[in-house]
Peer 1: 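Supplied in structure tokens, the structure appears directly below.
A, B, ... follow the sequence lines: proteins, then strands. Residue 1 opens every chain.
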Amino acid sequence: MKLEEFQAKKLFREYGIPVPDGIMVTTAEEARSAAEKIECPVVVKAQVQAGGRGKAGGVKLVKTPAEAYMAADSILGMDIKSFRVERLLVDPAVSIAGEYYVGITIDRRKKLPVMMASASGGVDIEKVAAETPEKIFFQEINPERGLRSFEAKQLAFQLFTDKRKALATASVMMKLWDCFHGIDASLVEINPLAKLEDGSIIALDAKIVLDDNAMFKHPVMEEMRLPTPSEQKELDARSHGLSYVQLDGDIGCMVNGAGLAMATMDVIKHLGGTPANFLDIGGSSSPEKVIHAMELLVSDSNVKAVFINVFGGITRCDDVASGLVAALREIQTDIPLVVRMTGTNEEEGIRILSDFGITALKDMTEGAREAIRLAGEGGCS
Amino acid sequence: MKLEEFQAKKLFREYGIPVPDGIMVTTAEEARSAAEKIECPVVVKAQVQAGGRGKAGGVKLVKTPAEAYMAADSILGMDIKSFRVERLLVDPAVSIAGEYYVGITIDRRKKLPVMMASASGGVDIEKVAAETPEKIFFQEINPERGLRSFEAKQLAFQLFTDKRKALATASVMMKLWDCFHGIDASLVEINPLAKLEDGSIIALDAKIVLDDNAMFKHPVMEEMRLPTPSEQKELDARSHGLSYVQLDGDIGCMVNGAGLAMATMDVIKHLGGTPANFLDIGGSSSPEKVIHAMELLVSDSNVKAVFINVFGGITRCDDVASGLVAALREIQTDIPLVVRMTGTNEEEGIRILSDFGITALKDMTEGAREAIRLAGEGGCS
Amino acid sequence: MSILIDKNTRVMVQGLGRDGSFHAEQMKEYGTNIVAGVHPGKGGSSIHGFPVFNTAEDAARETDPECSVIFVPAPFAADAILAGANAGVKLVVAVTEGIPVLDMSKIVIELNELGTCLAGPNCPGLISPDKSKVGIMPGGIFKRGSVGVISRSGTLTYEVVNQLSLAGYGQSTAIGMGGDPVVGMKYNDYLELFEEDRETELVVIVGEIGGTDEQDAASFVKDRISKPVVGYVVGRSAPPGKRMGHAGAIISGADSTVEAKVAFLREKDIPVADTVEQIIDLVGDRLGGRN
Amino acid sequence: MSILIDKNTRVMVQGLGRDGSFHAEQMKEYGTNIVAGVHPGKGGSSIHGFPVFNTAEDAARETDPECSVIFVPAPFAADAILAGANAGVKLVVAVTEGIPVLDMSKIVIELNELGTCLAGPNCPGLISPDKSKVGIMPGGIFKRGSVGVISRSGTLTYEVVNQLSLAGYGQSTAIGMGGDPVVGMKYNDYLELFEEDRETELVVIVGEIGGTDEQDAASFVKDRISKPVVGYVVGRSAPPGKRMGHAGAIISGADSTVEAKVAFLREKDIPVADTVEQIIDLVGDRLGGRN
């Protein structure tokens with residue numbers, strides 16, 4: 001779960017990381033009064049879960065509350081990398097003397113959290129990593145022990161020789177770890193961590209991605225979720241035990257298992273078709289789940305054919321078949337359907353489908369080819 | 001720093017450990033209204049940092065607010081193991097179906113915290129440990145990892161076969177560890193941990209000893225200190241960098257270093273004298289420290305002679321000598337003084353004392369013998 | 001021969017709720033030597049013919065299991081893994097999905113200290129056909145043979161195995177290593193075991209987008225593995241930055257794409273299939289036709 | 001010979017405040033081979049002729065110390081010990097008093113993992129007379145010789161050593177192991193080293209009330225040490241349950257009293273002195289007169 005900047009800054013503040021005292025607003029009028037309250041100049045920043053807001057015109061420095069109103073008015077409703085801007089953060093403008101980078105994420109290979117720090121902040125850090133890797137310093141963190149003060153100092157003294165700044169930065173690093181660990185994040189990032197002209201250190205931007213697996217420990221964080229319409233669809237799907245991602249193609253896919261779902265999409269593409277979505281109905285599928293899955297697929301107007309690919313393992317073919325029959329009884333649709341079904345209780349499943357008038361195939365590639373053919377026909381009709 | 005029961009229960013409550021909803025009171029009238037508020041029957045418990053309150057008559061079960069008044073009136077002012085009762089805890093009385101023991105302390109040999117649990121609670125647990133050690137179960141705790149749920153369950157299932165009670169107890173154990181770790185305790189103890197007739201689990205008594213070395217992490221806990229008059233003297237001494245414990249003898253001792261101080265007391269006793277105190281002036285002693293130390297010694301009316309034993313290491317003999325001279329100029333006292341001084345800057349120190357008219361000895365045993373002689377004379381005069 | 005488990009392997013099942021109990025029965029039917037179950041509060045009872053204990057420590061003391069399989073729900077699964085490992089088993093198979101990644105990072109450290117191997121979490125487990133099944137794989141599609149299978153996926157493993165079996169290529173051991181960002185053993189750990197296993201003649205590795213495990217495996221194969229290895233990587237159609245069900249399947253950098261992985265594998269002389277059918281062809285090329 | 005430190009031992013000093021700087025100079029004067037100092041913000045400077053670094057890691061990379069001595073104030077000392085150990089030194093001597101006991105418990109675990117020895121905390125350090133001094137002991141009273149000294153105390157060690165030196169019994173190495181409830185090395189660890197040290201002919205152990213370290217040492221001596229050992233235990237006059245300055249000196253049980261310790265030592269055939277003078281007599285009985 002990705003947080004927006006204002007949410008991440010709120011969490012940073014709770015963990016003692018210095019951030020500007022900004023105000024989140026949703027209208028131009030609110031932006032004007034926020035600018036009055038904070039005292040200008042202020043920065044008006046689009047709140048979207050995407051990078052490159054500045055380049056897209058989503059961040060504006062303004063000198064008066066009236067300008068804040070105008071800036072907000074122009075940014076709200078903007079479309080940045082397919083995210084519609086609905087919220088703004090009005091932050092006090094500051095005098096920056098230097099921009100740095102600090103972040104923590106999980107290193108999958110080392111199986112450990114790792115802190116990264118660089119004196120080359122304020123820019124695309126992945127570019128820095130790719131082009132001048134020597135400018136990024138790493139510190140592995142033993143999660144049982146946490147980031148230790150000496151480790152943070154070692155990193156910080158690589159950014160600053162000045163004691164006061166190094167120790168202030170080390171302190172921010174320690175708090176950033178506390179935050180990462182405390183909220184079970186997958187990623188926390190300060191870019192830029194700014195040195196101001198008065199010598200203080202402050203987080204000018206904030207990025208947090210939470211570990212969805214850990215939300216059970218932090219139920220209150222679930223309330224921070226601000227889904228876009230397409231994310232809302234994915235969330236609704238998840239609440240029914242389905243993993244769904246909408247794509248641009250015309251063949252709706254329903255598969256049990258993420259790996260098999262990707263293989264199914266790949267084979268559709270390999271044969272010249274385009275998948276309309278990723279949809280994993282998971283293990284131990286109940287008929288209800290299949291009904292919800294079917295509803296999801298037919299609600300996408302791009303879908304011209306549906307390919308259901310089930311390998312019965314824990315998921316029993318008869319369960320999927322029953323669910324499908326129930327779904328098709330409930331949902332009136334003209335969209336042509338291809339079912340491939342094999343594995344646990346496959347005869348039973350195929351019989352149920354056959355009784356309903358659907359012939360199930362046993363081979364995945366054959367099924368994909370048939371779905372592409374039907375989608376092509378549908379496109380012509 | 002030992003906490004009183006009501007303080008320990010407050011901390012337990014903060015960590016989610018179930019405790020009775022009691023009220024701390026300091027007068028009989030308050031005890032009456034507490035009993036009215038809580039609803040009788042209630043238990044009126046003396047708050048002192050000593051065990052055996054029950055046997056001493058410091059715990060009374062009463063049925064009415066009027067009885068609570070009378071019980072409080074009789075307990076307040078009581079002397080329990082030389083602690084004067086100034087505070088009471090009024091707790092609701094409960095129906096106990098079983099009494100258990102859970103505690104955590106540091107095992108010095110293993111260098112680890114260890115949790116102890118026993119189904120034989122509510123009694124002197126040291127006696128249980130000594131007489132029926134098989135009735136106490138131990139769980140070492142890796143302090144980097146904390147007590148884990150599976151470890152707590154393993155212990156809890158040794159006390160209860162019933163799942164609900166075992167899991168409730170395991171949960172209390174986990175919280176007790178969180179408390180121990182969170183407040184940097186040296187000891188936390190629940191004796192008894194009671195099973196009530198309604199099946200719930202609750203801490204009926206609570207004991208906490210805090211690690212004085214860790215108070216810098218928990219400055220707010222310093223406010224929980226409720227020193228007795230003699231402890232107040234020790235605390236005042238500590239605020240001047242002195243480690244002081246008053247005893248019953250007549251020879252005041254001032255020594256640099258705890259080990260040497262104990263050796264000095266031992267040699268006094270060995271030669272037939274009785275030390276009036278333990279007083280360690282520590283390393284790098286300043287003249288001011290020596291003045292405070294001297295004031296402490298002469299303020300004890302039992303003291304008939306003072307033996308100052310200094311081995312100059314970090315502590316420089318000339319510093320101690322200057323401090324002593326300054327102290328004796330300031331404090332008018334007839335108490336005879338024996339100084340033994342050797343080590344760093346000993347000539348300088350001896351010269352300073354000699355200029356002031358004090359002859360310093362170089363041998364500890366000789367010094368002790370002389371102090372005992374002078375104390376004997378003082379006793380006759 | 002096979003790796004990690006065979007018909008003598010003494011298995012303990014942790015978590016005997018609906019799923020755990022169902023799969024324990026399935027495993028038992030398959031022939032797995034289940035010696036104990038663990039479920040707090042069910043201690044003293046017996047399920048499917050094996051004794052159940054309140055704690056893993058009790059179970060281990062009484063029945064001396066070598067392997068444990070975890071069906072405990074996510075919020076309690078991290079603790080259960082540690083309980084199993086601390087009770088002394090040498091292999092923990094964590095089927096549970098949804099364990100927080102930081103908890104897994106801590107678990108990996110402790111299990112390394114204890115010398116306990118971990119398969120998973122969020123994995124279908126492993127199977128040595130006709131000998132032992134530890135996990136939730138559908139036993140019927142597996143066939144005893146000489147192909148080792150290592151996969152990050154669940155049902156895709158079944159798809160691959162099914163076609164291998166139908167084509168006559170049985171398996172020595174098949175493993176779903178789990179799709180989470182932090183898992184216990186990875187391709188390389190299993191490859192090392194397959195290299196030493198006399199029954200295994202060839203290994204199929206099934207990968208997906210996200211991370212760089214496939215590249216690590218390719219380098220390892222090039223340097224250390226003498227047996228033929230065949231690769232297959234899915235997720236070409238996955239849009240960048242989108243979760244594809246597996247938390248691990250996030251395209252986090254250029255190296256994590258299917259294209260990058262396939263190119264790297266081929267660079268290290270590992271043939272890569274585009275479809276499941278091609279896997280069979282590539283295996284056949286190396287082992288000879290068997291149907 | 002001597003144990004743990006000799007004149008070649010490369011020493012790093014962590015914490016160059018007032019005390020650290022003073023004792024660094026004292027050590028240097030004594031002949032200790034100080035190669036580096038560590039103090040955040042003083043990196044790049046030089047004190048008493050040795051270079052100072054911002055971090056222990058920097059110091060270790062540049063000067064390769066084998067031993068580190070900690071003068072960092074209590075709130076930062078636990079971190080400094082870990083910094084030194086993680087920088088690769090094989091012996092950390094923690095002079096600092098007042099480190100929380102739970103922090104020490106964690107440190108002991110990590111230092112065991114790293115294979116780093118720890119003397120202290122809350123200790124005067126150690127000295128191999130005429131070779132090296134790491135800590136705060138007053139060098140002048142020590143004399144090179146064949147008696148090993150292990151003590152839980154500071155000034156009492158000086159008292160004992162002074163009388164040993166005056167009586168002609170020099171020391172191979174003298175150690176104050178620290179008075180806190182949790183310390184790094186204890187009597188047994190040092191005894192093992194003294195047993196192997198060719199220069200050491202006899203060991204004096206100076207104990208005090210609290211804990212059962214002296215008993216552990218006595219059993220160890222009986223089982224494993226061939227050299228003569230002489231004991232001395234102080235704190236007879238300490239009232240039960242009272243802190244005597246050292247946090248470790250709490251009479252926590254019957255075993256922790258001086259009487260119990262002395263009885264146990266004698267039971268294990270270790271002669272115990274009642275006074276410092278008696279130590280000299282007992283040493284003299286075993287080594288022969290030397291003045």
Side-chain angles (χ1 to χ4, degrees), chain B residues 105-106 108-113 126 129-130 141-144 180-181 184-186 211-217 234 243-245 247-249 255-270 274-275 278 280 282-284 309-315 342-344 363-365, chain D residues 19 22-23 74-75 97-106 108-110 124 136-138 140-141 151-159 162 179-183 206 208-213 216 232 234-239 242-249 252-254 258 274-277:
Chain B
T105 190
I106 298 279
R108 297 161 66 124
R109 189 182 274 155
K110 297 200 172 107
K111 306 178 189 180
L112 287 175
E126 281 176 38
I141 301 173
N142 178 322
E144 295 187 322
F180 182 89
H181 186 256
D184 278 278
S186 302
D211 179 0
D212 284 314
N213 282 356
M215 294 303 278
F216 72 86
K217 295 189 201 172
E234 294 169 18
S243 181
Y244 176 81
V245 180
L247 301 171
D248 297 330
V255 189
N256 66 321
L260 187 57
M262 285 194 276
T264 306
M265 292 156 74
D266 283 2
V267 83
I268 289 171
K269 210 164 182 180
H270 187 71
T274 55
F278 167 93
D280 171 14
S284 52
N309 184 13
V310 174
F311 199 104
I314 328 158
T315 312
T342 191
T344 311
D363 184 79
M364 177 162 92
T365 308
Chain D
D19 284 0
F22 172 75
H23 287 292
E97 182 180 350
I99 303 178
V101 66
L102 257 175
D103 292 351
M104 282 314 307
S105 181
K106 293 176 187 173
V108 163
I109 291 172
E110 185 162 348
I136 60 171
M137 292 179 175
I141 57 169
S151 169
R152 281 170 66 186
S153 175
T155 43
L156 181 55
T157 316
Y158 312 156
E159 185 76 44
N162 191 42
D180 280 359
V182 171
V183 295
V206 180
E208 60 187 39
I209 50 163
T212 51
D213 292 341
D216 293 345
Y232 176 48
V234 301
R236 284 174 196 273
S237 316
K242 279 286 181 190
R243 285 174 71 101
M244 298 274 96
H246 282 187
S252 50
V258 174
D274 282 330
T275 63
V276 177
E277 287 84 355

Peer 1: Between D:N162, D:T157, D:V206, which residue shows the highest count of heavy-atom pairs closer than 4.5 Å to chain B?
Peer 2: D:N162
Peer 1: Under a 4.5 Å heavy-atom cutoff, which of D:D216, D:D274, D:V183 has the most pairs with chain B?
Peer 2: D:D216
Peer 1: Testing the basics here: between D:Y232 and B:A263, what is the closest heavy-atom pair and its distance to 0.1 Å?
Peer 2: OH-CB, 3.6 Å
Peer 1: For D:V108, does its backbone N or O pair with a side-chain atom of B:K111 as donor and acceptor, under 3.5 Å?
Peer 2: no
Peer 1: Between D:D213, D:I99, D:I141, who has the most heavy-atom pairs with chain B when the cutoff is under 4.5 Å?
Peer 2: D:I99
Peer 1: Under a 4.5 Å heavy-atom cutoff, which of D:S105, D:P138, D:G140 has the most pairs with chain B?
Peer 2: D:S105
Peer 1: Look at B:R109, B:H181, B:K110, B:M364 and state which one has the largest set of heavy-atom pairs under 4.5 Å with chain D.
Peer 2: B:R109
Peer 1: Distance check, rounded to the nearest 0.5 Å: D:L102 atom CG versus B:I106 atom CD1?
Peer 2: 4.5 Å
Peer 1: May I ask you to test the D:I109-B:P143 pair for a side-chain heavy-atom distance under 4.5 Å?
Peer 2: yes
Peer 1: Is there side-chain contact between B:L112 and D:K106, with at least one heavy-atom pair below 4.5 Å?
Peer 2: no
Peer 1: Do B:D266 and D:S237 have side-chain N/O donor and acceptor atoms under 3.5 Å apart?
Peer 2: yes
Peer 1: Taking all atoms of both residues into account, what is the closest heavy-atom pair of D:G98 and B:F216, and its distance?
Peer 2: O-CE2, 4.4 Å
Peer 1: Please walk me through it: do B:T264 and D:V234 pass side-chain contact (heavy atoms from CB on, under 4.5 Å)?
Peer 2: CA-CA 9 Å; B:T264 306; D:V234 301; over 6 Å; no
Peer 1: Do D:E110 and B:E144 come within less than 4.5 Å of each other through their side chains, counting heavy atoms only?
Peer 2: yes
Peer 1: What part of D:V182 gets closer than 4.5 Å to chain B, counting heavy atoms only: side chain, backbone, both or neither?
Peer 2: side chain
Peer 1: Below 4.5 Å, heavy-atom pairs only: which of B:D363, B:D248, B:D211 has the largest tally toward chain D?
Peer 2: B:D211
Peer 1: Using heavy-atom distances under 4.5 Å, tell me whether D:V101 contacts chain B through its side chain, its backbone, both, or neither.
Peer 2: both
Peer 1: Quick check for you: to the nearest 0.5 Å, what is the distance between D:M104 atom CE and B:N213 atom CG?
Peer 2: 10.5 Å
Peer 1: What's the separation between atom CG in D:L156 and atom CG in B:L260, rounded to the nearest 0.5 Å?
Peer 2: 6.0 Å
